[in-house]
Amino acid sequence: MTKQIWRVLGWSLVMLLVVEALTGAALAAFYAPSSTDAWASVAYVQDQMPWGWLVRGLHFHAASAIVIISGVHLLQIAVAGTYRERAAAWWIGLVLVLLVLGFAISGYVLRWDQAGYWANRVEVGIAAGTPVVGGLIRSLAIGGNEYGNLTLTRFYTLHVIALPALITAGVVVHIVLAKRARDWSDGLRAAFAMAAVFAVLVGYVVSQHGADLAAPADPSAAFDARPLWYFRWLFELRHLAGSAEKLAAMAAPAVVGGFLVALPLVDKPERQAKRMPWIAGVVGLFALIFVLTIASFVQDSGDADLAKRQAQAEKDASRTRALAVKHGVPATGPLDIKQGIVMYRARSLYEKRCTGCHAATSKDRKGPIIGAGHGNRAWLTAFLKEPSGDAFWGHTKLAKTDDAMKPVELGEGDLADLTELLYAQSGASDVDAARRDRGKVIFDKACTDCHAIEEGVAGASAPGLGGLGSRDWYTSFIGNPKSPVHMGSDHSQMPRFDKDLSIVDRDALADYLVWLRTATQRDVDLLEPL
């Protein structure tokens, strides 16, 4: 029975390696090993290529299946003691396990998402701590001072050329060294086992809809790096080791590997009666790895803050992938993918710099409400009627001083004409010329004691209104609202942004404010979320 299980497990592993080879070749046809294109190519396969999620899922999860079955295979051989008869086959098997783990490490970073990128940085960081050769390892892995195109190129070459060649050679040698006499029933059992393993694999891949993909790799963004599940025992051991984590991370694999390599040398065939200590040692080692793996997941499951960060990371990943499907990925890379959102730069700047003082919902609002319809005729008319009202200067210090603008007391017709003059300053295309001209007459009689209407000219004691609401006016105002042509240093609480924001950013904000003039609240609500 033991021999039959050994054969079934071995051929199941061969089948999974074939699955890896076929799916890997299919994925390689769409993959681009560069820091600007890697994530995009993987996202395309996962979210847009017909059945791409299935191919990618088979490739990703087959690696986990290989690790599981390899572990069971090793444990079964160790307990049965068959390594005593074929030590070379045992050692080649251990090398194959290492190569499979190398496959996992080299493949995970190729996704170039936050999960793969940061996990690889941790792994390379541990390897770089190796005495004497650590610096060389880091240099060979990264290919430069920082992660980038050379890093991907090297791991891609390792993953699709070097490791497949080594594993193919290793499998052939292993099978030759471990070959036994077989009958027809062995083939049936192997075929049944391979079919069963493949069916379970496909079922799991379908249930997961392929494999996960985090947001694009971003060196400037924090991320809770976690290794693949079969390295979690080592991750937990590092956590338990505290300040000695790097030593534990290097020593533990050496101890585990050294023990397994030494088994055929210390457990001789003539010591059949004394095998229990070695069996107990192997079982105990696998049990310890299992317990540490479970402990690592339990540790994470009990961390509420981690759960929130992971939920946000999943939300960011879903959002970015949806944008990639809708807008594509720009040539500059997936970190710029949000640039495809309408007015993304302006709206993100506005949200970061302006909403605290100008959003209607802000508890700390210090200025006029800015929203849909800002600067249109209705807004200007309401302002003229009650400039110190809650929606306008009511939250500012200016409203509480003697310099505060008084309500404009005009008949409805004259007020509409004055409003048209101010509205015309924006450069709007729907200006009523007759009303504007009448408004100019009213302005000259009632407003010139404080204001000027000529562009670039400051008023006597109040803002100049030339170009009011135009793109250039907004750009200038955002740059320095304390300028004499605008509010003046005594009347403005708003900070100047000409040193914090580039002219390009100020122009972008100005364009957004101009857009708001003709926008309805529905238009604003329909904007794609940032």
Side-chain angles (χ1 to χ4, degrees), residues 343 346 349-350 353-354 358 367-368 370 373-385 387 392-393 396 398 403-406 408 410 414-519:
M343 295 182 289
L349 283 170
Y350 182 83
R353 301 278 189 164
C354 310
H358 294 287
I370 296 178
H374 178 76
N376 65 12
R377 292 183 179 91
W379 188 93
L380 288 167
T381 300
F383 176 82
L384 292 173
K385 288 181 176 180
F392 304 109
W393 299 118
T396 68
L398 176 62
D403 293 333
M405 179 178 171
K406 304 298 186 291
V408 175
L410 293 172
D414 288 345
L415 185 62
D417 290 342
L418 182 58
T419 295
E420 195 71 13
L421 172 67
L422 298 178
Y423 178 70
Q425 303 307 303
S426 67
S429 60
D430 60 340
V431 173
D432 184 320
R435 277 192 176 278
R436 178 198 62 200
D437 293 342
R438 292 196 298 269
K440 179 63 166 61
V441 174
I442 295 170
F443 182 89
D444 289 341
K445 290 180 179 180
C447 307
T448 52
D449 287 348
C450 299
H451 299 280
I453 199 69
E454 294 77 25
E455 190 165 350
V457 178
S461 61
L465 302 178
L468 177 71
S470 66
R471 179 173 175 270
D472 290 343
W473 184 88
Y474 278 126
T475 301
S476 174
F477 189 92
I478 293 168
N480 184 12
K482 303 179 188 296
S483 167
V485 76
H486 296 304
M487 296 297 295
S489 58
D490 296 334
H491 297 154
S492 176
Q493 294 172 246
M494 178 175 165
R496 58 190 297 175
F497 289 99
D498 52 351
K499 295 182 180 179
D500 293 338
L501 297 177
S502 68
I503 185 65
V504 174
D505 286 342
R506 282 179 276 142
D507 279 347
L509 277 171
D511 282 336
Y512 177 59
L513 295 173
V514 169
W515 177 83
L516 283 175
R517 186 180 68 236
T518 57

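The figures here come from the full heavy-atom set of this structure, side chains too, leaving out hydrogens, waters and symmetry mates. Numbers for residues simply follow the sequence, beginning at 1.
The side-chain hydrogen bond (donor to acceptor under 3.5 Å, both in side chains) search around Arg496 returns Asp498, not counting sequence neighbours. Shown here are the salt bridge (Lys or Arg N to Asp or Glu O under 4.0 Å) partners of Arg377, two or more places apart in sequence or in another chain: Glu420, Asp430. Listed by chain and residue number, nothing satisfies the side chain to side chain contact (heavy atoms under 4.5 Å, CB included) test with Glu455 (two or more places apart in sequence, or in another chain). For Asp437, there are no side-chain hydrogen bond (donor to acceptor under 3.5 Å, both in side chains) partners, not counting sequence neighbours. For Asp414, there are no side-chain hydrogen bond (donor to acceptor under 3.5 Å, both in side chains) partners at least two apart in sequence or on another chain. Residues satisfying the side-chain hydrogen bond (donor to acceptor under 3.5 Å, both in side chains) criterion with Ser470, sequence neighbours excluded, are absent altogether. The salt bridge (Lys or Arg N to Asp or Glu O under 4.0 Å) search around Arg435 returns Asp417, not counting sequence neighbours. Qualifying side chain to side chain contact (heavy atoms under 4.5 Å, CB included) partners for Ser502, counting only residues two or more places apart in sequence or in other chains: Val504, Asp505.
A 4.5 Å side-chain heavy-atom check between Val441 and Arg438 finds every atom pair outside the cut-off. Phe392 is not listed as a side-chain neighbour of Pro387, based on a closest heavy-atom distance of 4.5 Å or more.
A ring pair (Phe, Tyr, Trp, His ring centres under 6.0 Å) check over residues 491-516, counting only residues at least two apart or in different chains, returns the pairs Tyr350-Tyr512. The stretch residues 417-451 participates, sequence neighbours left out, in no ring pair (Phe, Tyr, Trp, His ring centres under 6.0 Å) pair at all. For residues 457-481, the pairs satisfying salt bridge (Lys or Arg N to Asp or Glu O under 4.0 Å) are Arg471-Asp507, Arg471-Asp511, with sequence neighbours left out.
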Would you mind writing out the side-chain donor-acceptor pairs for residues 480-490 within the sub-3.5 Å range, not counting sequence neighbours?
unit_1	atom_1	unit_2	atom_2	d
Asn480	OD1	Lys482	N	3.2
Lys482	NZ	Ser492	O	2.9
Lys482	NZ	Met494	O	3.3
Ser483	OG	Val485	N	3.4
His486	NE2	Ser476	OG	2.9

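Dense packing is recorded around NZ of Lys406, with more than 12 heavy atoms of other residues, nucleotides or ligands lying under 6.0 Å away.
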